[in-house]
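This report refers to the structure that appears directly beneath it.
A quick note: this is a predicted structure, and the numbers were derived from the prediction, not measured. Proteins come first, then strands; the chains are lettered A, B, ... in the order of their sequence lines, and each starts at number 1.
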2 protein chains.
Amino acid sequence: MTDIRRKLQTAGLRPTRQRVALAELLFAKGDRHLAAEDLHGEAVAIGVPVSLATVYNTLHQFTDAGMLRILSVEGSRTYFDTNTSDHHHFYIEEDGEVVDVPVTAQLKVENLPEPPEGMEVANIDVVIRLRRKG
Amino acid sequence: MTDIRRKLQTAGLRPTRQRVALAELLFAKGDRHLAAEDLHGEAVAIGVPVSLATVYNTLHQFTDAGMLRILSVEGSRTYFDTNTSDHHHFYIEEDGEVVDVPVTAQLKVENLPEPPEGMEVANIDVVIRLRRKG
DNA sequence: CTGTGTGCAAACTCTTTGCATAAGT
DNA sequence: ACTTATGCAAAGAGTTTGCACACAG
């Protein structure tokens, strides 16, 4: 609670009603991947009538502050990930659902190539696309 | 030429003027990643006045036929990849540009986790996001 | 001929923006 | 008070769709 307010302060963001509420939703229950509309729905559901535009603003501010990451998955919607450390994802096309690869899997990427001149690696996304067996 | 027509036939697609022209653009020069508007621009540039809607239709038909793949990169635009085999990408955020990781890099993904019950791996996308060194 | 493909324009979805109002310090 | 955040509604980008006309087999 107060640590959420502190977290926001540190990021240079005023701990407004909306931002605190959204941050609580995002960071209370471990790793989450969600789109703006999902978060908006949750906020409204618990009686925090924030606007969708503010949810978008807030998600981007949190991303700029390093509190969230944007997932590399195709599709029209942008997914934000509350886990900003290096980890990887299953992606189920049919449902557009994203699931963490369990850390216990110890998935490793080997022989990482040299990036082109003047570039450095920002991060690595591994997306394992799944389809229903049949 | 005729092999492109055959390729289309095999996929159950009539080799129409537009589809042949688009297929030639796509598959003539090795691996390419492009968005619908890019391909549309190229077609118009060489005097094949195909409509954007047809380019979208065609790209999806080719994808369904396994001739193209959709890339897992975030962002508003959908990128299609003419290389459908397992290979990986650099993604330069600032430019929205996608570059193949050279095959010589021999990048390997190890300890691939078990997919959840009833699921199988369709493919694996590794996106190495780059930023300008500074 | 018959059925599929194409093109246009309109519709749609997700996201961003401008500006007046509200809230934080 | 002063400044930044919020909300609304409108605009924007990319993509999809419906339907009349055109073309391939």
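Using the six-membered ring where Trp is involved, Tyr56(A) and His60(A) have ring planes that are parallel, under 30° apart on the 30 and 60° scheme.
Of the possible polar contacts, none joining the His33(B) side chain to the Val99(B) backbone as a donor-acceptor pair under 3.5 Å is found.
In this model, the phosphate group of dG14(D) is not approached by any side-chain N or O of Ser76(A) to a distance below 4.0 Å at OP1 or OP2. At the phosphate of dT15(C), OP1 or OP2 sits under 4.0 Å from a side-chain N or O atom of Tyr56(A). Contact check, Gln61(B) against dG5(C): no side-chain N or O comes under 4.0 Å of OP1 or OP2.
In the set dA5(D), dG7(D), dT17(D), the nucleotide with an atom closest to the side chain of Arg19(A) is dA5(D). Among the nucleotides dG7(D), dC8(C), dT17(D), the one closest to any side-chain atom of Asn57(B) is dT17(D). If you check dG24(C), dT15(D), dG7(C) against the side chain of Gln18(B), the one that comes closest is dG7(C).
When each of Ala53(B) and Leu13(B) is assigned the nucleotide of DNA chain C bearing its nearest heavy atom, the one mapping closer to the 5' terminus is Leu13(B). Comparing His60(B) and Arg17(B) against DNA chain D, the residue whose closest nucleotide sits nearer the 5' end is His60(B). Mapped onto DNA chain C by nearest heavy atom, Thr54(B) and Arg14(B) fall at different nucleotides, with Arg14(B) at the one closer to the 5' end.
Distance, His40(A) NE2 to dT15(C) P: 13 Å, rounded to whole Å. Rounded to whole Å, atom P of dG25(D) lies 11 Å from atom CG of Leu8(B). Here the C1' atom of nucleotide dA11(D) and the CG atom of Leu52(A) are 15 Å apart, to the nearest Å. Atom CZ in Phe62(A) sits roughly 12 Å away from atom C1' in dA5(D) (whole-Å rounding). Straight-line distance from the CG atom of Leu34(A) to the C1' atom of dC14(C): 16 Å, rounded to whole Å. In this structure, Phe80(B) places its CZ atom 14 Å from P of dG14(D), rounding to the nearest Å. The distance from atom CD of Gln9(B) to atom P of dG5(C) is 12 Å, rounded to the nearest whole Å. The distance between atom CD of Glu37(B) and atom P of dG12(D), rounded to the nearest whole Å, is 16 Å.
From Ser72(B), atom OG reaches atom CD1 of Ile124(B) across 11.5 Å, with rounding to the nearest 0.5 Å. Note that NE2 of His89(B) is 11.5 Å distant from CG of Leu107(B), once rounded to the nearest 0.5 Å.
No path of Ile, Leu, Val, Met, Phe, Trp and Tyr side chains, each step under 4.5 Å between heavy atoms, connects Ile70(B) with Leu130(A), placing them in separate hydrophobic clusters.
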